[in-house]
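So the structure is just underneath, and the comments pick up after that.
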Amino acid sequence: MRLSLSELYDILFRFYGPQNWWPIVENGVSLYLPGYTQKQRTPEEALEIWIGAILTQNTAWKNVEKALVNLKERLPLLPESLLTLSEEELSDLIRPAGYYRQKAKKIHVSMRFLLQDYGGNPCELRRLPLSEARHQLLSLWGIGPETADSILLYALGFPIFVIDTYTRRILKLLGYPEATQSYERLQDLFHKNITPDVGLYREYHALFVAAGKTCGRKPDCGRCPLFSWCERHHTRA
DNA sequence: CGCCAGGTTGTTG
DNA sequence: CAACAACATGGC
């Protein structure tokens, strides 16, 4: 019997507990505070999430953390401050996050956009309809669907579901054919089956990441709460 | 040492 | 549209 998406959420939540995404870096460590799933983010927090979403593209969070620490000890995290740095200076600070020249360019593009169109305040995007805010994000060089949706959900508080490689991996193993389809197609599955609640969407996506890590390079099936529904369980040679 | 991590873009068939 | 290369550091 295949797991429904709400049953899956319950299992993951009971096993991994609240994830309290998205973290803010303070005193050199990432903080995951209980209020974060519901909280309306301040412009400062929203900007850090925005930049973090770019930095974490195909990159371990530990490396992003180092980059954010470097940035925050060098200057206040504001578009106008970041833009006083050249792309080369910026790339030097974010080096630990990898792809540092690409990401410096991406951050510059986003900061110019925010400063020119929204007075440097990312939260102003919240005034737009969701589809238009998403369209604007996707029009920026360096922001694809996952980064856009992470910003919309975690920084701006729009009810949109984030799809990442972990989501696909888990759903494939659970036998969901939609997992091999396009980003928007898979996203629709969540929008149609899970009530659009920001706190719920934030927690659910973070739980996929937690589960995906258990199922990474060295799968720890003995400790996976999904073992009995997993393809590996049934199709082992 | 090799593999991969909270992707996106550009190129090519 | 799908497949593939390029982008790059650091942890396990």
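Letters go in sequence order (proteins before strands), and every chain restarts at 1.
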What nucleic acid atoms does [X] come within less than 4.0 Å of, heavy atoms only: base, sugar-phosphate, or nothing?
X: A:L140; value: sugar-phosphate
X: A:G144; value: sugar-phosphate
X: A:S182; value: nothing
X: A:Y204; value: nothing
X: A:R217; value: base

In this structure, are over 12 heavy atoms from other groups packed under 6.0 Å from [X] atom [atom1]?
X: A:E88; atom1: CD; value: no
X: A:R74; atom1: CZ; value: no
X: A:R185; atom1: CZ; value: no
X: A:K39; atom1: NZ; value: yes

To the nearest Å, give me how far apart [atom1] ([X]) and [atom2] ([N]) are.
X: A:K105; N: C:dC7; atom1: NZ; atom2: C1'; value: 12 Å
X: A:Q57; N: C:dT9; atom1: CD; atom2: P; value: 16 Å
X: A:K66; N: C:dT9; atom1: NZ; atom2: C1'; value: 10 Å
X: A:I94; N: C:dA8; atom1: CD1; atom2: P; value: 9 Å
X: A:D220; N: C:dC12; atom1: CG; atom2: P; value: 16 Å
X: A:K213; N: C:dC12; atom1: NZ; atom2: P; value: 11 Å
X: A:I54; N: C:dC7; atom1: CD1; atom2: P; value: 20 Å

For a 4.0 angstrom threshold against heavy atoms of chain A, report the outermost contacting nucleotides of DNA chain B in 5' to 3' order. B:dG2 to B:dG10

Are a donor atom and an acceptor atom from the side chains of A:D117 and A:Q136 found within less than 3.5 Å of each other? no

Is the positively charged end of A:R232 above the ring of A:F227, judged by distance under 6.0 angstrom from the centroid and angle within 45° of the axis? no

Residues A:S91, A:K105; criterion side chain to side chain donor-acceptor pair (under 3.5 Å); working and verdict: CA-CA 8 Å; A:S91 71; A:K105 195 180 296 288; over 6 Å; no

Please check this pair: side chain of [X] against backbone of [Y], looking for a donor-acceptor N/O pair closer than 3.5 Å.
X: A:E48; Y: A:V25; value: yes
X: A:R134; Y: A:L152; value: no
X: A:T180; Y: A:P177; value: yes
X: A:N63; Y: A:A97; value: no

I'd like the P distance from C:dA3 over to B:dG6, given in whole Å. 24 Å

Work out how far the P atom of B:dC1 is from that of C:dA8, and round it to whole angstrom. 22 Å

For the aromatic rings, using the six-membered ring if either is Trp, is the centroid distance between A:Y166 and A:F208 under 6.0 Å? no

Taking only the side-chain nitrogens and oxygens of A:R101, find out if one of them lies under 4.0 Å from OP1 or OP2 of C:dA8. yes

On DNA chain B, check which nucleotide each of A:G142 and A:W21 is closest to and give me the residue with the more 5' one. A:W21

Closest-nucleotide mapping onto DNA chain B: is A:W141 or A:S150 further toward the 5' terminus? I mean the 5' end. A:S150

Both atom distances under 3.5 Å, Watson-Crick or G-U wobble: I'd like the secondary structure of DNA chain C as a dot-bracket string, with | for pairs made across strands. |||||||.||||

Are there any protein N/O atoms within less than 3.5 Å of an N/O atom in nucleotides 2-6 of chain C, and if so, which ones and at what distance?
none

